[in-house]
J.: 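Below are the structure tokens for one structure; questions will follow.
A note on names: the letters A, B, ... follow the listed sequences, proteins ahead of strands, and every chain is numbered from 1. The structure displayed is predicted, hence computed values, not measured ones.
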Protein chains: 4
Amino acid sequence: MQSSTGRPPATRTGRPRSAAADTAILAATREALVELGWSGLTLGDVASRAGVAKTTLYRRWAGKNELVVDAVAELFDALELPDRGSLAADIEDVVLQLAVLLSRPEARCGLMAVVAESTLDEALRERIRTSIVQRQKRLVHTGRVRAQRRGELPPDPDPAEAARTVDLTFDMVAGAVLHRTLVSGRPADEEWVHDLTRVLLTGLTTPGPTP
Amino acid sequence: MQSSTGRPPATRTGRPRSAAADTAILAATREALVELGWSGLTLGDVASRAGVAKTTLYRRWAGKNELVVDAVAELFDALELPDRGSLAADIEDVVLQLAVLLSRPEARCGLMAVVAESTLDEALRERIRTSIVQRQKRLVHTGRVRAQRRGELPPDPDPAEAARTVDLTFDMVAGAVLHRTLVSGRPADEEWVHDLTRVLLTGLTTPGPTP
Amino acid sequence: MQSSTGRPPATRTGRPRSAAADTAILAATREALVELGWSGLTLGDVASRAGVAKTTLYRRWAGKNELVVDAVAELFDALELPDRGSLAADIEDVVLQLAVLLSRPEARCGLMAVVAESTLDEALRERIRTSIVQRQKRLVHTGRVRAQRRGELPPDPDPAEAARTVDLTFDMVAGAVLHRTLVSGRPADEEWVHDLTRVLLTGLTTPGPTP
Amino acid sequence: MQSSTGRPPATRTGRPRSAAADTAILAATREALVELGWSGLTLGDVASRAGVAKTTLYRRWAGKNELVVDAVAELFDALELPDRGSLAADIEDVVLQLAVLLSRPEARCGLMAVVAESTLDEALRERIRTSIVQRQKRLVHTGRVRAQRRGELPPDPDPAEAARTVDLTFDMVAGAVLHRTLVSGRPADEEWVHDLTRVLLTGLTTPGPTP
DNA sequence: CCATAATCGAGACGGTACGTCGCGTCTTTGG
DNA sequence: CCAAAGACGCGACGTACCGTCTCGATTATGG
């Protein structure tokens, strides 16, 4: 749970916080996002959906932004990278998963809205990075390691170079899906995923003139 | 100006709308976006910045969403594709322009916010498509035609195939820059742009197994 | 209306304030005081009783205290001093009127509550003085002048002495009724009013040793 | 665990209530009344001033009203009637004591506020009567007996008549001081006390036409 | 040269959500 | 069993914007 801010003192006195409340609140947040969207989402409404008082909500999160980041982060944590046998298949699989995820309104509008808010809020930007972006780079990393074991990719020349490639790959995959589904507003169907995978694979496996 | 809603009757009586107001309002909107972000942006504040009454604003736009789409669309219209002599240089150039544009807060938060709102608002989604996305595909189109003239790209086999490639290219370029700068929150510097261009170029120019 | 704060500028622009709202709000305030008492009185409730938005209420009054002072002051303005033919009859009459007024819950709890609040709020104390206390001293003044015309009281020796007597009389009359009905919690019935009037009249008309 | 034994025994088991807590709470209540007034007084604040948990406070009093009645009643119990040698001097003395008491903010606002609340709460009204009003009538009674011994007042004709006179006297004395200091908001200085005493004394000692 | 009509600024209006605060209750740990 | 601590559901607070409305004052065209 990302809502815990610091180290609680070893001996805690007083009534402890309800663990069930956190779960209920995050679920209610996603539910409200689906029905009302970002601007229609009301903390009072979330509270009553979760069967919780507004104050309980404010005791745990600083505001709408932080709450939605946590609610959306849980969605992204559900992404997986099963071994499909080849790098191409693995890429297609994760791209499709991402496309499915971004077709869900709570993911779409939750993510875009907090990203929009983060443009003037460095703390929020950092929270998004650690709660969502960094956690999902594990998918790219896993895929690369697997492909290297299979011999589809050469071993990493050096760690810095590898990190750059992971970052670039992640931005290209996630960015393409995101732009396709949200900005262009067209479906990331199988044909499109296939085309994207082909371009990506070719571009990433063909050795470039980068010295 | 996209603010005109329907066909005004040929003969209009009464005092005409101030032309200067539109300009002032859109500029004030961008200014407010920079300082306050999306959620902090207030139509009353925009009105007073523009030296205009709130009623004047509501006479021309239905709400915050529509206003910001128009204000942001003007920013994207400033993108250009000068002829740098090669496809690679052209791509690098436009990617950099896009990165610079998305480093401006009014573009970042304006675009992301309306995209977020559009997830539950089909009319808004359509407005974004026509006002922003479709208009900028001209850049990709121009680049392709130029590259074909230079012999860097083969001629289009058929129009449908060409359209698919334009769409894919646009989503990959714009998506990568957008994800890098806004979601990952890292700068789209020259090195990164170079890497991206190489992967894109390789992937797009190597003939694939798509018959 | 005591709600006006200062001199409005000669030329008023914008929509003028609704005159009916003031009336409705003060009436709703008294109604709510009867049903809910001071601590149960809610500005939101007053607003909805008056068919008015909460903001309208806050635009005109600074808070609960000021609102209730105005609402109660209107009640006291209804007191009159009809000529009953003798000083004793006049006193009995006004004492009875006061007793009746203070038997109304809105007057009782409204007055007591704002007096209680005024103990730590000089501005409120001043507002009570000018809106309620000073305005009702007219009753004592009228009674004295009438009695002097009838020869029941000697003419005023000097203005300062007269003012002291008016103040003392007012505090004794109003204080006795107030204490009887509110603190002692017993009815100010005719017998009690008669006794009080006799003591007052004797005490005030018998020349004392104050030179 | 004592439930296994059966019934609650006459002698209470478990930790006994702290006797010091009551004193500390009432003192803290008066202190808070001085600083914050009635509406600013918070039970949570009283508890923390008294170094006591909120639960402890609620175990002993039903709410704000009852607590403040008890806190204020202790103040009034400090009033005394020393023998000054004459009825006039005794009256002046007690009037001055009362004026001093009512110049203390905790007495002023505590008393007025609970009186205001009592207008819609019969139980509270009764509590005020028994805890404050009835207890202080002893002062009037003592003064009358002393004056009768001195021959300044005739012996009581009958007990009912005497009770009426005691009530009237108390309402007039307390009411005048209360109205002067709290409603009129002017000081009950020596000159005013002297005037009041003269009128009262004359009115009460001159035999009236009451058969 | 006015009459009509739509615009302009200003600002009050009925609403809704905000984020905070206090209430009185409950649920812990510890005496 | 009581005490302290503090989380809980609840509801009012006073504020800020929303989008609408009513003003008086402009500024065009059309009779």
J.: Using whole Å, what does the distance between atom P of nucleotide E/dA17 and atom CZ of A/R49 come to?
T.: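 Nearest whole value for this atom pair: 12 Å.
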J.: For DNA chain E, whose closest nucleotide is more 5', that of C/G51 or that of B/G14?
T.: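 Whichever sits nearer the 5' end wins; that is B/G14.
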J.: Indicate yes or no: does C/R49 engage C/D45 in a salt bridge with an N to O separation below 4.0 Å.
T.: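 Answer for the salt bridge query: yes.
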J.: Is a donor-acceptor pair below 3.5 Å formed from side chain A/R15 to base F/dC8, judging by atom type as modelled?
T.: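 In this structure, the two groups form no donor-acceptor pair.
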J.: Do the side-chain N or O atoms of B/T56 get closer than 4.0 angstrom to the phosphate oxygens (OP1, OP2) of E/dT7?
T.: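 Checking B/T56 against E/dT7: no side-chain N or O falls below 4.0 Å of OP1 or OP2.
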J.: For F/dC8, does either OP1 or OP2 sit under 4.0 Å from a side-chain N or O belonging to A/R59?
T.: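 It does, given that an N or O in the side chain of A/R59 lies less than 4.0 Å from OP1 or OP2 of F/dC8.
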J.: Grab the CZ-P distance between B/R60 and E/dT7 for me, whole Å please.
T.: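 It works out to 9 Å between those atoms.
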J.: Do the non-hydrogen side-chain atoms of D/L26 and D/E74 ever get within less than 4.5 Å of each other?
T.: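 Side-chain contact under 4.5 Å: yes.
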J.: Find which nucleotide of DNA chain F each of C/K54 and B/L41 is nearest to by heavy atoms, and output the residue with the more 5' nucleotide.
T.: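 With C/K54 and B/L41 compared, the 5'-side residue is C/K54.
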J.: Any donor-acceptor pair under 3.5 Å joining the side chain of A/T55 to the base of F/dC8?
T.: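 Looking at the base of F/dC8, it does not pair with any donor or acceptor on the side chain of A/T55 (distance under 3.5 Å).
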J.: Between P on F/dA5 and OH on D/Y58, what's the gap in Å once rounded to a whole number?
T.: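 Computing the D/Y58:OH to F/dA5:P distance gives 17 Å.
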J.: In whole Å, what is the span from the CD1 atom of B/I25 to the P atom of E/dT7?
T.: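 The answer, rounded to whole Å, is 13 Å.
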J.: Has B/T13 got a side-chain N or O lying under 4.0 Å from the OP1 or OP2 atom of E/dA6?
T.: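 Looking at the OP1 and OP2 atoms of E/dA6, neither is under 4.0 Å from any side-chain N or O of B/T13.
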